[in-house]
Chemist: 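Got a structure for you, questions after.
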Protein chains: 2
Amino acid sequence: MDEKPRDRVSLKDLANHIGVSKTLVSAVLNGKAKQYRISEETATLVKRAARELQYSPNMVAKGLRTGNSQLIGLIVTDISNPFYSTISRIIENKTNEINYKVIFGSSDESLVKTRQLIDVMLDKGVAGLIIVPCEGSQGMIAELHKKNIPVVLIDRYFPELEVSYSCLNNFNATKQATMHLIEQGYRNIALISYKSGLSNIRDRILGYKETMNNHELGEYVNVKSVNIDHPLPEVEKALDYLVNRKNAEAVIFITNALLVAGLRSLNKLNKRIPDDVAVVGFYGSELFDLYYSPITYIKQPIDMITEEAVNTLIDKIKYGENRKFSKTFIEPELIIQHSSIKMDNV
Amino acid sequence: MDEKPRDRVSLKDLANHIGVSKTLVSAVLNGKAKQYRISEETATLVKRAARELQYSPNMVAKGLRTGNSQLIGLIVTDISNPFYSTISRIIENKTNEINYKVIFGSSDESLVKTRQLIDVMLDKGVAGLIIVPCEGSQGMIAELHKKNIPVVLIDRYFPELEVSYSCLNNFNATKQATMHLIEQGYRNIALISYKSGLSNIRDRILGYKETMNNHELGEYVNVKSVNIDHPLPEVEKALDYLVNRKNAEAVIFITNALLVAGLRSLNKLNKRIPDDVAVVGFYGSELFDLYYSPITYIKQPIDMITEEAVNTLIDKIKYGENRKFSKTFIEPELIIQHSSIKMDNV
DNA sequence: CTGAAAGCGCTTACAG
DNA sequence: CTGAAAGCGCTTACAG
């Protein structure tokens, strides 16, 4: 109950200690000594005292006065998901360079949570936001943009919005994967996806479909979309149907979680990879390299995607270029391993 | 360059709009209407206006005035590490309930970075800190505690410090693992560890050694400690030595990263699990269940460890109980799978 | 070259 | 029941 004060020394303390005004100290410490034509000696005096008394400015007060909080808000789907925690780490590194800190929140794909997160982050005075937008959040995003709050989307975008974003080229991702399987000699190629209207999912499906059609394999196009919350049972059912009934020779899983569910299911169905069915995954843990059949997967250059997003946001914050609309698609890379190699060819 | 103002309505705006004082509005909105004996009608009037004008308080200003930032600082080793990102998520959930946000930082086991992170977090006015302390950081931690800043350690602790912490019972973790292997009939059991003086590593080694000694297997005690930065080559060398030269029948890997390196190495050395060598891991990804020999591992109840840490911190913040010293060890759980079963027994 | 004053948006004694 | 005033720790015109 008795909260002892944390005896930090304030600007005032420091000024009193030296016997000058707060204005002076503030100017010196903010590197404006020259601009204010403050004498060398006074400046060094102030700097030394600041060091000796271990003065460090109260950023809250500074933020209130200048309107600059040096804080960035990050809203992801779930920080405990390795993909998003990797993004977080890269954002941390990039923003640390310019002395910003990031506060984060997980939306769990919920509109309500997204709204709450945006609100409190704004209340905390974030200078800008990096958001992995959930389905149906275009209204909120547009609103932010209209209020002239710096915001950039990552991982997903809304084509109808002129809000900057940085994403994987998801269309090319599944195009590459499908091409690779076709080149291997597979014809009956299926794809397992989520029920979702998000841009990344949509583009991944599109890349697959168009590639199939362009190779006159339209008759084999087969997309099974499962529930995002508990994919396992539905993935199992879908695979049973695709492999046992439709004779699918290869399956593309368009997220990491779907791949995990897929591998479990294929084991259960007693299907060997790639002998019974070839597999291509997405993103992927290094652990898939240790699998009995190392998994071919689409690699996302997360660092490039994220760095682009951060750079864009910083530009907006620093130069107020919120009207500048930048869209970035980073190209994927297909890592070919054992799981997608047609054994007949070997 | 022309930064448009973000036209948020302030307390003053709101007060002027209704035609009352800021004091009044502030009191009502903070639920102190009764305390200040403000009439029902005025109160409802204020509340309605607040809603209509979409007033939301500037937490920065509020924080400056009250000294309460509603911000918690979290310092982990690396936010992109799944173990720490899971911790982050749990902290997020717990703190959201009481309207706190968390700002995070990764120390990379570096004292310099830890120091920097602590400093800026303090500058940002965090109400308290949750820290995974790196080796040699006891000085900084002690300093924080002396300054009466609420801090609780997680995952690791310093026995010489009276600073609250919440950790796994690491001693029992390896004790359980070792016991299990002994019960299976293994005698020549080795352990692979990091070169580190951190409490969690130390306790894990201790649990193994004591258990071995208590079963008169002291002659087999064999701890190989590798460099934390690039474990793979050293793990491979260690395993070659342990298995091929010392005839180790079972190996305990005391972190997730070591296990991954271990599995890679055993593949390379053409050793089958558990036929040639039994394996027990730590923490563990769900992907290990999919391995050709599903891995036995020590499970950390991360949620319990983390929730305890958060609760402790919140108590300190709310009730100023920084003198209360709480140490918590959460018991591990051994998940027994295929990799540690002695085939002779089957 | 240096300082007094106002103000960022709040809360909190205090007065009436 | 309500409001004027001071102050949290800063920065920034402005005056000298």
Side-chain angles (χ1 to χ4, degrees), chain A residues 3 5-46 49-50 53-71 122-127, chain B residues 3 5-46 49-50 53-71 122-127:
Chain A
E3 301 196 26
R6 307 190 198 155
D7 32 33
R8 287 182 60 146
V9 0
S10 72
L11 195 70
K12 195 166 142 197
D13 297 337
L14 188 55
N16 288 344
H17 179 80
I18 326 182
V20 296
S21 73
K22 291 192 296 169
T23 310
L24 185 56
V25 178
S26 171
V28 172
L29 265 25
N30 286 315
K32 299 187 180 169
K34 252 173 245 145
Q35 185 186 324
Y36 278 55
R37 299 143 133 251
I38 291 162
S39 68
E40 280 287 313
E41 344 165 39
T42 328
T44 39
L45 206 72
V46 170
L53 299 198
Q54 297 197 53
Y55 170 73
S56 87
N58 178 327
M59 298 308 278
V60 176
K62 199 166 186 164
L64 177 59
R65 177 60 225 244
T66 63
N68 178 1
S69 62
Q70 311 260 84
L71 230 42
L122 254 30
D123 290 347
K124 298 259 184 260
V126 294
Chain B
E3 300 196 27
R6 306 188 198 156
D7 31 35
R8 288 183 60 147
V9 359
S10 71
L11 194 70
K12 193 166 144 198
D13 298 337
L14 188 56
N16 288 344
H17 180 80
I18 326 181
V20 295
S21 73
K22 292 191 295 170
T23 310
L24 185 55
V25 178
S26 171
V28 171
L29 265 25
N30 286 316
K32 298 186 179 168
K34 249 173 248 145
Q35 185 185 323
Y36 277 55
R37 300 144 131 248
I38 291 162
S39 67
E40 280 287 314
E41 342 164 41
T42 328
T44 40
L45 207 71
V46 170
L53 299 198
Q54 297 198 53
Y55 170 73
S56 87
N58 179 327
M59 299 308 278
V60 177
K62 199 165 185 164
L64 178 59
R65 177 62 226 242
T66 63
N68 178 0
S69 63
Q70 311 259 86
L71 228 42
L122 254 30
D123 289 347
K124 299 259 183 259
V126 294

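Being a predicted model, the structure only gives us computed values, none of them experimental. Below, read A as the first sequence line, B as the second, and so on, with proteins coming before strands; counting in each chain starts at 1.
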Chemist: Can you tell me the distance, in whole Å, between the CG atom of N68(A) and the C1' atom of dT12(D)?
Modeler: 15 Å
Chemist: Rounded to the nearest angstrom, tell me the gap between atom NZ in K12(B) and atom C1' in dG7(C).
Modeler: 9 Å
Chemist: Check the distance between dC1(C)'s P and I18(A)'s CD1 and give it to me in whole angstrom.
Modeler: 18 Å
Chemist: Across all strands, who's sitting opposite dA13(D) as a Watson-Crick or G-U wobble pair, both distances under 3.5 Å?
Modeler: none
Chemist: Take the protein atom CG of L24(B) and the nucleotide atom C1' of dG9(C), then report the distance between them rounded to whole Å.
Modeler: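 Taking atom C1' of dG9(C) as the reference, CG of L24(B) is at 17 Å.
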Chemist: Return the 5'-most residue of the pair A61(B), A43(B) with respect to DNA chain D, ranking by each residue's nearest nucleotide.
Modeler: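 Its nearest nucleotide lies further toward 5', so the answer is A43(B).
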Chemist: What is the distance, to the nearest angstrom, from the CD atom on Q35(B) to the P atom on dC14(C)?
Modeler: 14 Å
Chemist: Can you tell me if the side-chain N/O atoms of S21(B) get under 4.0 Å from OP1 or OP2 in dG3(D)?
Modeler: yes
Chemist: Any side-chain N or O of Y55(A) less than 4.0 Å from the OP1 or OP2 oxygen of dC10(D)?
Modeler: yes
Chemist: Go through dC10(C), dC8(C), dT12(D) for me and flag the one nearest to the K32(A) side chain.
Modeler: dT12(D)
Chemist: Contact class for L64(A) (heavy atom, under 4.0 Å): base, sugar-phosphate, or nothing?
Modeler: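 It contacts base atoms.
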Chemist: Atom CG in N16(B), atom OG in S10(B): separation rounded to 0.5 Å?
Modeler: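 That separation rounds to 8.0 Å.
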Chemist: Would you classify V20(A) as touching base, sugar-phosphate or nothing, given that sugar-phosphate means primed atoms plus P, OP1 and OP2, and contacts are heavy atoms under 4.0 Å?
Modeler: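 Here V20(A) touches the backbone only, sparing every base.
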Chemist: Quick check: does any side chain N or O of T66(A) sit under 3.5 Å from a backbone N or O of K62(A), one acting as donor and the other as acceptor?
Modeler: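 A pair under 3.5 Å: yes.
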Chemist: When rounded to the nearest 0.5 angstrom, what is the spacing between CD1 in I38(B) and OG1 in T44(B)?
Modeler: 11.5 Å
Chemist: For dA4(D), give its Watson-Crick or G-U wobble partner with both distances under 3.5 Å, or none.
Modeler: none
Chemist: Given atom NZ of K124(A) and atom P of dC8(C), what is their separation to the nearest angstrom?
Modeler: 22 Å
Chemist: What is the distance from atom CG of L14(A) to atom OG of S56(A), rounded to the nearest 0.5 Å?
Modeler: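 Reported to 0.5 Å precision, the distance equals 11.0 Å.
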Chemist: At under 4.0 Å, does any side-chain N or O of S39(A) touch on OP1 or OP2 of dT2(C)?
Modeler: yes
Chemist: With respect to the side chain of T23(A), which nucleotide from dT11(C), dA13(D), dA5(D) is positioned closest?
Modeler: dA13(D)
Chemist: Would you kindly give the CG-to-P distance between L14(A) and dG3(C), to the nearest whole Å?
Modeler: 13 Å
Chemist: In terms of side-chain heavy atoms of L11(A), which of dG9(D), dT11(D), dT2(D) is nearest?
Modeler: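 Closest nucleotide among those given: dT11(D).
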Chemist: Do any side-chain nitrogens or oxygens of K62(A) fall under 4.0 Å of OP1 or OP2 in dG9(D)?
Modeler: no
Chemist: Locate the shortest heavy-atom distance separating M59(B) from Q70(B); write the atom from each residue and the value.
Modeler: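 For M59(B) and Q70(B), the tightest heavy-atom pair comes out as CE-NE2, 3.9 Å.
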Chemist: Closest to the T66(B) side chain: dT12(C), dA5(C), dC8(D)?
Modeler: dT12(C)
Chemist: Taking only N and O in the side chain of K22(B), is any of them less than 4.0 Å away from OP1 or OP2 of dT2(D)?
Modeler: no
Chemist: What distance separates D13(A) CG from L53(A) CG, expressed to the nearest 0.5 Å?
Modeler: 8.5 Å
Chemist: Give a yes/no on whether any side-chain N or O of N58(A) is located under 4.0 angstrom from OP1 or OP2 of dC8(D).
Modeler: no
Chemist: Of all the choices, dG9(C), dT11(C), dT12(D), which nucleotide is nearest to the side chain of R65(A) once you look at every atom?
Modeler: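 Among dG9(C), dT11(C), dT12(D), the one nearest the side chain of R65(A) is dT12(D).
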Chemist: Whole Å only: how far is the CG atom of L29(B) from the P atom of dT11(C)?
Modeler: 8 Å
